[in-house]
There are 2 protein chains.
Amino acid sequence: MKATPALVRTGLGDQIRQVLIDGITSGRWAPGERIVERRIAAELGVSQAPVREALRHLEALRLIETLPNRGARVRDFTDEDLAEVFPVRAGLEETAADLAVHRMAGQVDALEAHIARLAAATDPGEVMRHSIAFHREIVEASGNRLLRSVWQSLGIEVWTTLSLRRRGTELCGKAAEHTDITEAFRRCDPAVGRMVHAHVMSYAP
Amino acid sequence: MKATPALVRTGLGDQIRQVLIDGITSGRWAPGERIVERRIAAELGVSQAPVREALRHLEALRLIETLPNRGARVRDFTDEDLAEVFPVRAGLEETAADLAVHRMAGQVDALEAHIARLAAATDPGEVMRHSIAFHREIVEASGNRLLRSVWQSLGIEVWTTLSLRRRGTELCGKAAEHTDITEAFRRCDPAVGRMVHAHVMSYAP
DNA sequence: GACTGATCTATGATCGATCATAGATCGCCT
DNA sequence: AGGCGATCTATGATCGATCATAGATCAGTC
């Protein structure tokens with residue numbers, strides 16, 4: 001492979017995946033558009049193999065759909081697709097909160113730190129990441145590694161980005177609920193699971 | 001590749017994945033044992049590529065763990081690993097039941113069919129599959145494709161098999177609860193979600 | 001012109017070989 | 001003997017090429 005690697009050496013598959021994700025979220029590849037393995041490979045100056053690896057990850061994230069012997073295409077996200085994520089997130093995060101409330105034992109420093117960072121955030125991307133980080137913190141605090149793995153595999157950041165592109169799913173105005181939830185964790189309120197569930201569902205369109 | 005393909009032609013990756021899953025659940029590969037890509041490839045008379053593809057699937061199922069440049073090894077499932085799946089399943093299936101109860105509108109034929117098949121099952125493997133099929137039916141009935149995808153990715157069958165190997169997690173004696181749940185669906189009882197949650201958790205060790 | 005089948009083309013699936021890295025091994029120096 | 005590199009080995013990561021399949025295209029018959 002000569003054509004100016006254009007990519008540093010740290011796991012080609014990972015880097016290609018990021019390139020593809022950026023391309024999809026930025027709209028470079030339109031929904032329904034085919035993603036041809038060799039074309040991407042040639043463009044990035046790599047071979048077909050790591051591109052295939054990256055595509056499998058995108059498939060797991062449900063960003064593309066693949067037909068046997070027919071290749072991959074960018075999914076044509078319907079509003080329904082974007083909406084489906086919320087009940088799943090709500091269920092997972094409710095479970096996480098119920099598990100976490102015991103383990104935290106009123107220690108909510110980490111949650112408060114995320115709230116502070118969210119309040120200080122300026123640009124929309126930063127707001128989104130800090131808002132998500134608050135939720136991730138709850139999932140982490142559950143101590144259930146499988147739960148964490150499943151939650152991560154939802155690719156919340158990517159889907160939220162797509163949702164923001166689609167319409168103006170505003171993330172602000174929810175900081176108050178984050179505070180309420182944090183207070184519930186502080187007093188080990190067993191209703192915190194339901195609160196988190198309701199909070200997540202309130203994002204749904 | 002000459003060495004008597006030993007595998008029919010229907011997507012090598014899929015077939016290899018099944019061989020590996022069987023090998024792990026049957027105990028052919030012990031926990032912690034390394035899985036060397038080229039060894040498997042040579043053994044099955046294929047090349048490294050489809051084996052790598054299969055290994056990625058196993059990684060998604062959390063049956064193996066992979067270190068960069070260091071290969072894959074069979075995970076050493078702790079009791080904790082086996083237990084972690086139940087809260088996650090319970091949360092997902094509660095969500096599914098809550099979504100499904102509206103869509104079923106009291107039509108519980110499919111659920112009853114699974115109960116009948118479970119009652120008629122004889123060998124343990126069959127019992128397990130029909131028991132799982134009942135739960136899968138609820139998830140399918142939710143109509144949420146993401147939820148279905150996430151549930152499937154838990155690899156319930158495999159983990160249940162492993163759990164059965166580990167100790168005698170008996171699946172019988174739960175048929176009555178399946179009937180209770182079905183009745184709740186028939187009368188569109190909004191408490192069905194909680195029932196499913198409790199039912200799933202009752203399998204936990 | 002319309003239908004049927006052979007051929008061509010694009011591309012995914014798979015292959016065999018090479019490159020790169022992590023440990024293991026060996027040899028040298030003190 | 002012990003420490004420290006150089007070298008060797010096993011193996012994952014990547015490559016370029018080939019095989020196989022799904023459609024598209026074309027030719028022949030009626």
Side-chain angles (χ1 to χ4, degrees), chain A residues 1-20 23-24 28-75, chain B residues 1-20 23-24 28-75:
Chain A
M1 196 88 294
K2 298 294 133 48
T4 62
L7 296 172
V8 280
R9 279 277 160 179
T10 312
L12 284 185
D14 295 340
Q15 301 171 242
I16 296 170
R17 176 170 80 240
Q18 198 53 51
V19 168
L20 292 175
I24 291 174
R28 171 180 165 190
W29 286 293
E33 189 168 345
R34 291 244 287 141
I35 296 186
V36 179
E37 296 179 357
R38 282 170 173 160
R39 198 169 323 177
I40 308 297
E43 190 174 320
L44 299 178
V46 300
S47 79
Q48 206 181 339
V51 176
R52 280 177 68 84
E53 174 151 349
L55 286 179
R56 283 196 297 277
H57 276 279
L58 295 199
E59 200 179 2
L61 284 174
R62 299 171 312 288
L63 290 175
I64 62 175
E65 44 194 3
T66 305
L67 294 170
N69 291 313
R70 311 270 267 76
R73 63 181 58 239
V74 179
R75 277 193 55 191
Chain B
M1 195 90 295
K2 295 297 131 45
T4 65
L7 294 173
V8 280
R9 278 280 160 176
T10 312
L12 284 185
D14 295 340
Q15 301 172 242
I16 296 169
R17 176 172 78 237
Q18 198 52 50
V19 168
L20 292 174
I24 291 174
R28 170 179 166 190
W29 286 294
E33 189 169 343
R34 290 242 293 144
I35 295 186
V36 179
E37 296 179 359
R38 281 169 174 165
R39 197 168 318 169
I40 308 297
E43 189 174 322
L44 299 178
V46 299
S47 79
Q48 205 181 341
V51 175
R52 280 177 68 83
E53 172 151 349
L55 287 178
R56 282 196 298 278
H57 276 278
L58 294 199
E59 200 178 3
L61 284 174
R62 299 171 313 286
L63 290 174
I64 62 174
E65 43 194 4
T66 304
L67 295 170
N69 292 312
R70 307 270 268 77
R73 63 181 59 239
V74 180
R75 277 193 54 191

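Letters go in sequence order (proteins before strands), and every chain restarts at 1.
Atoms CG (B:Leu12) and P (D:dC19) sit 15 Å apart, rounded to a whole Å. Rounded to an integer number of Å, the gap from B:Glu37 CD to C:dT14 P is 15 Å. Counting to the nearest Å, the P atom of C:dA13 and the CD atom of B:Gln15 are 14 Å from each other. B:Leu67 has its CG atom 17 Å from the P atom of C:dT21, to the nearest Å. Here D:dT18 presents its C1' atom at 11 Å from CD of A:Gln48, a figure rounded to the nearest Å. We find that CD1 of B:Ile64 is positioned 16 Å from P of D:dT11, with the value rounded to whole Å. Distance A:Asn69 CG to D:dT18 P: 20 Å, rounded to the nearest Å. A straight line from CG of B:Leu44 to P of C:dA13 spans 19 Å, rounded to a whole angstrom.
Taking CG of A:Leu44 as the start and CD of A:Gln15 as the end, the distance is 9.5 Å to the nearest 0.5 Å.
Residues forming a salt bridge (charged side-chain N to carboxylate O under 4.0 Å, His left out) with B:Glu53 (at least two apart in sequence, or on another chain): A:Arg52, A:Arg56. For A:Arg17, the side-chain hydrogen bond (donor to acceptor under 3.5 Å, both in side chains) criterion is met by A:Asp14, not counting sequence neighbours. Residues that satisfy the side-chain hydrogen bond (donor to acceptor under 3.5 Å, both in side chains) test with A:Arg75, not counting sequence neighbours, are A:Asp81. In this structure, the side-chain hydrogen bond (donor to acceptor under 3.5 Å, both in side chains) partners of B:Gln18, at least two apart in sequence or on a different chain, are B:Asp22.
Across all non-hydrogen atoms, the minimal contact from B:Ile64 to B:Ile24 is CG2-CD1, 4.1 Å. Nearest heavy-atom pair across B:Gly32 and B:Arg73 is O-NH1, 2.8 Å. Between B:Gly71 and B:Arg34, the shortest heavy-atom distance links the atoms CA-NH1, 3.9 Å. Smallest separation of non-hydrogen atoms from B:Ala54 and B:Gly13: CB-O, 3.7 Å.
Between the side chain of A:Arg73 and the base of C:dT11, no donor-acceptor pair under 3.5 Å is found. With hydrogens and angles ignored, no donor-acceptor pair closer than 3.5 Å exists between the side chain of A:Arg52 and the base of C:dT11.
For C:dG16, the OP1/OP2 oxygens have no side-chain nitrogen or oxygen of B:Arg38 closer than 4.0 Å. Within the 4.0 Å cut-off from OP1 or OP2 of C:dA10, not a single side-chain nitrogen or oxygen of A:Arg34 is found.
Within 4.0 Å (heavy atoms only), A:Ile35 reaches sugar-phosphate atoms of the nucleic acid but no base atom. Nucleic acid contact class of B:Glu53 (heavy atoms, under 4.0 Å, all strands): none.
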Between the protein and nucleotides 23-25 of chain D, are there any N/O to N/O pairs under 3.5 Å, and if so, what are the atom names and distances?
residue : atom : partner : partner atom : Å
D:dG23  : OP1  : A:Arg70 : NE           : 2.2
D:dG23  : OP1  : A:Arg70 : NH2          : 2.4

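Taken together, the paired segments of DNA chain D that extend over three or more consecutive Watson-Crick or G-U pairs, each closer than 3.5 Å at both contacts, are C:1-30 with D:1-30.
Side chain of A:Glu33 to backbone of A:Ala30: a donor-acceptor contact under 3.5 angstrom is found.
Here the nucleotide nearest the side chain of A:Pro50, chosen from D:dC15, C:dT11, D:dA22, is D:dC15.
Toward the 5' end of DNA chain D, the nearer of the two residues B:Val36 and B:Ala49, judged by each one's closest nucleotide, is B:Val36.
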